[in-house]
K.L.:
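Handing you a structure now.
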Amino acid sequence: MAYWLMKSEPDVYSIKDLERDRTEIWDGVRNYQARNFLTSMALGDKAFFYHSNTKPPGIVGLMEIVETNVVDPSQFDSASKYYDPKSSTEKPRWYTVTVGYLETFRTGITLDDLREAFTPDELWVVRRGNRLSVMPVDGAVAEKLLNITQT
DNA sequence: GCCAACGTTGGC
DNA sequence: GCCAACGTTGGC
């Protein structure tokens, strides 16, 4: 089983929203590297939910991948801000996953904490100027993260 | 609100 | 294929 980190702005979609919805299609990713990570996810993989563009940014909870290789429906919706006119139903360009809610950490792990605990090579989210919204998390790093949230 | 980082677009 | 212009992300 692999671990991932997925970013969302809480004003757009937060861990609270996912707790309410229980499962949700992770739509709107329009970056090829991030999409490639999404398509390599497997059922049962777990993903840390990261709140970006908020105060403070950081990891707030845990999700599970409950459906893989989902065609992102927003790419065909001309009313959506994620609409992609270059995509077609015959040859969709954007794939994603459905995530399921697992837990909200009692105390989140802020970006400051992450910077203290991990090097940029260990955890990409602490890399300077990092804009990738979906990234893998090394197994040992994931265990460390889960331990931190239990304290 | 600012701005650095960086991905994408399009002219050539 | 290069690269300047532009748009977006996201921390601060």
Side-chain angles (χ1 to χ4, degrees), chain A residues 2-21 23-41 45-65 68-138 141-142 144-149 151:
Chain A
Y3 282 97
W4 307 90
L5 183 147
M6 298 164 79
K7 293 182 188 171
S8 179
E9 300 188 19
D11 288 348
V12 179
Y13 197 80
S14 73
I15 188 86
K16 275 254 174 233
D17 295 322
L18 182 60
E19 182 181 17
R20 178 196 63 218
D21 298 338
T23 66
E24 178 74 2
I25 293 184
W26 201 268
D27 65 358
V29 173
R30 295 292 179 269
N31 169 282
Y32 287 103
Q33 196 182 358
R35 182 207 61 185
N36 293 343
F37 285 134
L38 286 167
T39 54
S40 63
M41 289 180 181
D45 281 1
K46 289 177 182 174
F48 292 95
F49 196 128
Y50 180 94
H51 278 176
S52 66
N53 219 347
T54 188
K55 273 193 196 173
I59 289 174
V60 293
L62 195 66
M63 315 181 266
E64 183 178 17
I65 308 307
T68 59
N69 294 302
V70 177
V71 175
D72 185 338
S74 64
Q75 67 194 300
F76 308 124
D77 177 6
S78 60
S80 168
K81 70 178 212 172
Y82 302 123
Y83 176 61
D84 185 351
K86 291 177 187 162
S87 189
S88 68
T89 47
E90 299 78 40
K91 215 169 177 232
R93 179 179 290 201
W94 304 108
Y95 286 84
T96 186
V97 295
T98 302
V99 296
Y101 177 82
L102 285 183
E103 65 173 309
T104 302
F105 297 139
R106 210 154 53 79
T107 53
I109 314 172
T110 65
L111 181 56
D112 281 346
D113 293 340
L114 293 171
R115 285 213 176 95
E116 277 189 31
F118 303 104
T119 68
D121 281 338
E122 286 176 314
L123 187 64
W124 296 3
V125 80
V126 305
R127 283 184 190 177
R128 189 150 174 274
N130 168 56
R131 292 168 49 188
L132 191 62
S133 66
V134 177
M135 65 191 74
V137 174
D138 174 76
V141 171
K144 228 171 146 184
L145 284 169
L146 293 169
N147 282 334
I148 293 171
T149 61
T151 59

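First the proteins, then the strands, lettered A, B, ... as listed; each starts at 1. None of the values given here were measured: they were computed from a predicted structure. Any value given below was found using the heavy atoms of this structure, including those in side chains, with hydrogens, waters and symmetry copies removed.
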K.L.:
What is the distance, to the nearest angstrom, from the CG atom on D84(A) to the P atom on dT8(C)?
P.N.:
14 Å
K.L.:
Checking side-chain contact (heavy atoms from CB on, under 4.5 Å) between P120(A) and each of R128(A), R127(A), R115(A), which is the one that passes?
P.N.:
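The single option meeting the side-chain contact (heavy atoms from CB on, under 4.5 Å) with P120(A) is R127(A).
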K.L.:
Looking at every heavy atom in both V29(A) and W94(A), which two are closest together, and how far apart are they?
P.N.:
O-CE3, 3.5 Å
K.L.:
Keeping to residues at least two apart or across chains, list the salt bridge (charged side-chain N to carboxylate O under 4.0 Å, His left out) pairs with something in residues 83-99 of chain A.
P.N.:
D84(A)-R93(A)
K.L.:
Given that R128(A) and K86(A) both sit by DNA chain B, which one's nearest nucleotide is further toward the 5' end?
P.N.:
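Mapping each residue to its closest nucleotide by heavy atoms, the 5'-most match is R128(A).
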K.L.:
Can you tell me which residue pairs pass the ring-ring contact (aromatic ring centres under 6.0 Å, His included) test with a partner in residues 69-90 of chain A, sequence neighbours excluded?
P.N.:
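As it turns out, there is no ring-ring contact (aromatic ring centres under 6.0 Å, His included) pair with a partner in residues 69-90 of chain A once direct neighbours are skipped.
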K.L.:
How about W26(A) and F49(A): are their ring centroids closer than 6.0 Å?
P.N.:
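Yes, the ring centres sit under 6.0 Å apart.
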K.L.:
Locate the shortest heavy-atom distance separating L38(A) from Y95(A); write the atom from each residue and the value.
P.N.:
CD1-O, 3.7 Å
K.L.:
Let me know the distance between CH2 of W124(A) and C1' of dC6(B), rounded to the nearest Å.
P.N.:
16 Å
K.L.:
How many whole angstroms separate atom CZ of R127(A) from atom C1' of dA4(B)?
P.N.:
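To the nearest whole Å, that distance equals 18 Å.
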K.L.:
Given axes from five pairs at either end, by how many degrees does the helix from dG1(B)-dC12(C) to dC12(B)-dG1(C) bend, rounded to 10°?
P.N.:
10°
K.L.:
So if I take residues 27-38 of chain A and measure heavy-atom distances to DNA chain C, which residues fall below 4.0 Å?
P.N.:
none
K.L.:
Would you tell me whether D17(A) and S14(A) have side-chain atoms, one donor and one acceptor, within less than 3.5 Å of each other?
P.N.:
yes
K.L.:
Restricting to non-hydrogen atoms, name the atom on K144(A) and the atom on A117(A) that form the minimum distance, rounded to 0.1 Å.
P.N.:
NZ-O, 3.7 Å
K.L.:
Taking only residues two or more places apart in sequence, or in another chain, which ones meet Y101(A) in a side chain to side chain donor-acceptor pair (under 3.5 Å)?
P.N.:
T104(A)
K.L.:
Would you find a donor on one side and an acceptor on the other, under 3.5 Å apart, between the side chain of T39(A) and the backbone of N36(A)?
P.N.:
yes
K.L.:
Polar-atom pairs under 3.5 Å, protein N or O versus N or O of nucleotides 9-11 of chain C: list them with distances, or write none.
P.N.:
unit_1  : atom_1 : unit_2  : atom_2 : d
dG10(C) : OP1    : K7(A)   : NZ     : 2.9
dG10(C) : OP1    : R131(A) : O      : 3.1
dG11(C) : OP1    : Y50(A)  : OH     : 2.7
dG11(C) : OP2    : N53(A)  : N      : 2.9

